[in-house]
Each structure stands twice: as structure tokens, then as C-alpha cells.
Number of protein chains: 2
Amino acid sequence: MQQQELYKCGVPAACIFCDARRRGMCGALEPHQLAKLSKYSVRKNASSGKELYSATDRTGGFSNILSGVVKLSRTLSDGRQQIVGLQFPPDFLGRPFKSGNAITAEAVTEVVLCSLPQAAVERMIAESPSLEHRLYEQSLRELDEARELMVTLGRKTAAEKVASFLIMIARHLDPASQERKSTAFDLPLTRMDIADYLGLTIETVSRQLTQLRSANIIQIVNKHHIIVPNLARLAARAGD
Amino acid sequence: MQQQELYKCGVPAACIFCDARRRGMCGALEPHQLAKLSKYSVRKNASSGKELYSATDRTGGFSNILSGVVKLSRTLSDGRQQIVGLQFPPDFLGRPFKSGNAITAEAVTEVVLCSLPQAAVERMIAESPSLEHRLYEQSLRELDEARELMVTLGRKTAAEKVASFLIMIARHLDPASQERKSTAFDLPLTRMDIADYLGLTIETVSRQLTQLRSANIIQIVNKHHIIVPNLARLAARAGD
DNA sequence: CGTGTGGTTGAGCCGGTTCAAAGTGAGTGG
DNA sequence: CCACTCACTTTGAACCGGCTCAACCACACG
């Protein structure tokens, strides 16, 4: 078995079945590096609403998201909030090197993290170019998604925004849906979060969802569970 | 003189006074690497409106912006456009590794580029971790700016958008303005570009600018030249 | 000059917000 | 098991910020 071989090669027990090793940043590490890093790693659970790191408290260090969804957001002084990114497993959470940016990360569902001290990660980055390469690739992916969202925020109508959002969620929660033409999933976000993601109000989000339902493009079975019988028909409403 | 020493160390003549070497990606290279790369480099000029690379044509390779301003934008099928990033010297232009993203880069002013073939850059990235580190840092900076813009697009009023935009431009064109409290600059963008950056129409941009002028927060001397006597008063209108 | 391109200003409209009220459903305690 | 609560969602009605459409202005260029 391949897994046993890997184990023999010195992969820490906790990492063997970890998604971060298969698809996340830990995949860039040699077994001995992984062993070193895993000495400092701590498994953490956080429930919905838990702040994982914030503008003020920069001590949060870094983590791999093992399960759940995390939102990155910025809040203006008068309380207006904008979600500027959503992170799914096995994304890496945390901003290497300093940044003046006041961004908050918060769990939107139950979340399991593999948390690492900042110093250990930064040391490992310095000595492992392939780790830095992996992180660079993630930041480029985040940049692509950020630009996608900018188009949505700046130039799409409310209806197009909600359709785009549903497609984005489907892509993340059910990657295989590309091949098939239908999908179903549980929305990990509340209406409030969706509104903060799309630059809308909860009322508008709600209205657009019921409109998609009336047009038979989606079925809403219980507020969070959505069925999309025909992804192409949904995509046709996304505007791009 | 330091410059002479560097020259003795084998820095190519064309690179000696180049900003990309002092503050851009070339600063991460050893003289011999720089010499190698500069063999393939071509100085290019582009005038306003010139497409530097596009969704379809991915052959454009990479370049350093030596002077001028470049916009990155995406256009929806019906013509709606959103600018998703502005790049200033000595930024690096081009998306390493593949991306499904259909983003276009276009000169918004006269632009001078130091253009490099894609293969040469990717080879150099592979063998120089410090180069990749430099590029990673730029992508993190772009990500910070992208998120800043998302807040602007999603949650700010037209007046706040325009004020935020002016502050961003001041920061890039006159970095020393932080220390002083006033500044003046030539807007590198047309009203149309500003509108596409802020998710507004040209009319709204124009109205907000005249409103800032009426409030004596800015002076508009000739459509593009703006004077900001008191940056703090402008910042107070930016919303955050 | 006329022509064209980019910018400004005005009037009316509309998509999305605001404010208000009612609906839904999970959790809790009697 | 039901009644009660609380958080979230939906729906309705009125309002308003930014858009649309249209006219005019400024200035560069032939």
C-alpha cells in the first residue's frame, strides 16, 4: 500500500490521511520537514462565528483548514462589512510577512484547523523553496478569485450576483458537478454572509433566491439546502 | 561609487539605472542571473490604449513596467467592464503559471516595458527561489489591494469611492505625500477608466469630483491635474 | 473654422435599500 | 408533547442613490 510506504518514509501519523498533505501546502514538504513542522502543530476546532485572527490580534499564526469554511472580511468604521474571500479546505490561512491590512478571518461553519506557530512556518518557508512555491500558487489562485469577485461587485446586477455566488459555491463544495450538469449542496453561509459577500442586503439576496426558485432554476428545500437541476441554466444568469 | 562597483560586478549596462533592479523583481537576482536574463530582454514602448496581453492571446510573456500605468480589466459579454487592478512601476506584469482567468492588460498612459520571454522567466523562477519570493511578495501586495478595492466596490457610496480612488492614486504617484499633508498629481486615468475602476458611470464620477471641488477638498486645474491641499480632509470622506 | 473626443450638467427613472411586519424552525423548559 | 423564545428568513411598500438619456461644453486637431 502506498500509505504504508509513506508511513515508513517517516510521515507523521497525524498527517497520513490529511488533505493538506495531499492537496495543500504540506504536499510541498519532504517527510523530514513535515515531521519537524508537525511537532509544533495543534489540531483546533472552532465553531461558527469564532474569530480566527483579526486586524488587531496578529498572533494567530498560520493554519491549514482541514474542514469547514472560513470568511475573510473587512469592516468599515460604521459597521458596513464586506467579505473579501472565502477559504475552503485544504487552503492555508494566514498572511505571511507583514501587511498593513486589517482583515479578519472568521469561521462560518464548524471548522477544524491544523494550527502552526508563525515563527515555525516562516522558518520553514525560508528553507523550503517548494513550500514557498506552493504558497505562491495559492496566493495567485486567491488573486484570480478576488478579481472574479470584483467584477461581480462592480458590474453585475443583484440577480447576476446571486447566480454567480451559487455557481462559485457549487464549484467548491461539489467540484465534480462540472462533469455532470446538476448539483445539490448545503449553503455554508447565512443570508447575511451572502449579502456581505455580494455587496447587497439580506432582503435583496432573499428576493433573488426566491426569484430563481420561481423560475425553476433552483429548488430551496430548507433554507440552506439548494438543488440545481441544470447548472447551465443557472450559469446563463450569471452575466459573464 | 556604488553604481560603479555594481557595474564592475557584471550588471548589464541597461540595468544599472533601472528601477526594476532597485525595487522590482530584478533586485532578487545575482548579477550573473541578471546578465543572463537581460540577453532576452527587449525595451518596448506602448501608447495609451495598447493591449499588452489579453484573454485570448497568452503569448505576451512577462514584463517589468518601467514607466506609465497599466490597467488589468475584465469585460463581460455585453460590454460591461471592470478594472480589477492598476499596476505602476516597477511592478511585474504577467501571470506566471497557467490560469483560466480572462484578464486583459492595457496601457492607460504611455508605457515603457522591459519585456521578457515567458520561458526565460519561468526557467529563472525555477532556479532562483529569491526571485520567486519577490514575485510572491508582489502577489500578496496585489491581493491586499484587490481586497481594499472589493470593500470599495461592495460597500462604499459613490462619494466614498471617488475619495478612496484619489487617495490610492496619491499614494502611488506621490508616496512622499504621507509625510506632508498635501499633494498634487496628474490623474493617469480618464473618467471612463475611473468609472470602470469604481463600478460607477462617468457621469457619477464627474459629479462626485465637482462635489469634492465645491467642498474645497480638491482643486481641479485642467481635468487631469488635481491638487489636494489637505489629504486628511479627503481621507475623512473615504468611508473607512 | 468644422469635427471629434472627452467631460460636465440636468431631468427623470429604476434597481436595490430601508423600514416594517409576518413567517419559519430549531432549541428549551414546562 | 406543546408552548415559548430567539435567530434567521421572507415578503411588502415606500424611498432614494446612482443610472439613463440628452444636451451642452472645452479643447485638440485637421
Side-chain angles (χ1 to χ4, degrees), chain A residues 47-49 71 76 78-82 106 108-110 152-166 186-215 218-226 237 239, chain B residues 47-49 71 76 78-82 106 108-110 152-166 186-215 218-226 237 239:
Chain A
S47 50
S48 173
K71 72 175 184 190
L76 299 180
D78 63 358
R80 282 173 288 175
Q81 184 172 92
Q82 176 65 47
E106 190 177 308
V108 295
T109 63
E110 295 297 304
T152 300
L153 289 170
R155 289 304 186 198
K156 290 189 184 175
T157 64
E160 291 168 339
K161 284 180 178 184
V162 171
S164 305
F165 168 76
L166 291 176
D186 272 304
L187 277 181
L189 308 194
T190 65
R191 300 291 186 268
M192 187 68 218
D193 285 328
I194 300 174
D196 285 344
Y197 184 80
L198 295 174
L200 297 170
T201 60
I202 47 176
E203 293 94 331
T204 300
V205 171
S206 181
R207 278 187 253 268
Q208 296 303 331
L209 283 172
T210 54
Q211 200 142 324
L212 285 174
R213 190 192 48 195
S214 311
I218 62 173
Q219 292 162 45
I220 304 174
V221 321
N222 71 1
K223 268 169 193 171
H224 283 205
H225 194 74
I226 305 277
R237 303 226 166 183
Chain B
S47 50
S48 173
K71 72 175 184 191
L76 299 180
D78 62 358
R80 284 173 287 175
Q81 185 173 91
Q82 176 65 47
E106 190 177 307
V108 295
T109 63
E110 294 297 304
T152 300
L153 288 170
R155 289 305 187 198
K156 291 190 183 176
T157 64
E160 291 167 340
K161 285 180 177 184
V162 171
S164 305
F165 169 76
L166 292 175
D186 272 304
L187 277 181
L189 307 194
T190 65
R191 300 292 186 266
M192 188 68 217
D193 285 328
I194 300 173
D196 285 344
Y197 184 80
L198 295 173
L200 297 171
T201 58
I202 46 176
E203 294 94 331
T204 301
V205 171
S206 181
R207 278 188 253 269
Q208 295 303 332
L209 283 171
T210 55
Q211 200 142 322
L212 285 174
R213 191 193 47 196
S214 312
I218 62 173
Q219 291 162 44
I220 304 174
V221 322
N222 72 359
K223 269 170 193 170
H224 284 222
H225 193 73
I226 305 276
R237 303 226 167 184

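In what follows, every chain begins at residue 1, and chains take the letters A, B, ... in the order their sequences are listed.
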Output one line per pair: protein atom, nucleotide atom from nucleotides 14-18 of chain C, and distance, for all N/O pairs under 3.5 Å.
from: C:dG16; atom 1: OP1; to: A:Ala158; atom 2: N; distance (Å): 2.7
from: C:dT17; atom 1: OP2; to: A:Thr201; atom 2: OG1; distance (Å): 3.2
from: C:dT17; atom 1: OP2; to: A:Thr204; atom 2: OG1; distance (Å): 2.3
from: C:dT18; atom 1: O4; to: A:Arg207; atom 2: NH2; distance (Å): 2.9

Length of the CG-P vector between A:Leu187 and D:dC8, whole Å: 15 Å
Donor-acceptor under 3.5 Å (B:Ser164 side chain, B:Glu160 main chain): yes
Do B:Leu209 and B:Leu166 come close enough that some side-chain heavy atom pair is under 4.5 Å? yes
Mapping A:Asn222 and B:Thr210 onto DNA chain C by nearest heavy atom, which one lands closer to the 5' end? B:Thr210
Polar pairs (N or O, both sides) under 3.5 Å between protein and nucleotides 23-30 of chain D?
none

With a cut-off of less than 4.0 Å, is there a side-chain N or O of B:His224 near OP1 or OP2 of C:dG6? no
In the structure I gave you, are the side-chain heavy atoms of A:Gln208 and A:Arg237 within less than 4.5 Å of one another anywhere? no
How close or far is atom P of D:dG12 from atom CD of A:Gln211, stated in whole angstroms? 12 Å
Rounded at 0.5 Å granularity, tell me how far CG in A:Leu198 sits from CG in A:Leu153. 7.0 Å
Looking at side-chain heavy atoms only, is the closest gap between A:Leu187 and A:Lys223 below 4.5 Å? no
Between C1' on D:dT20 and CZ on B:Arg80, what's the gap in Å once rounded to a whole number? 15 Å
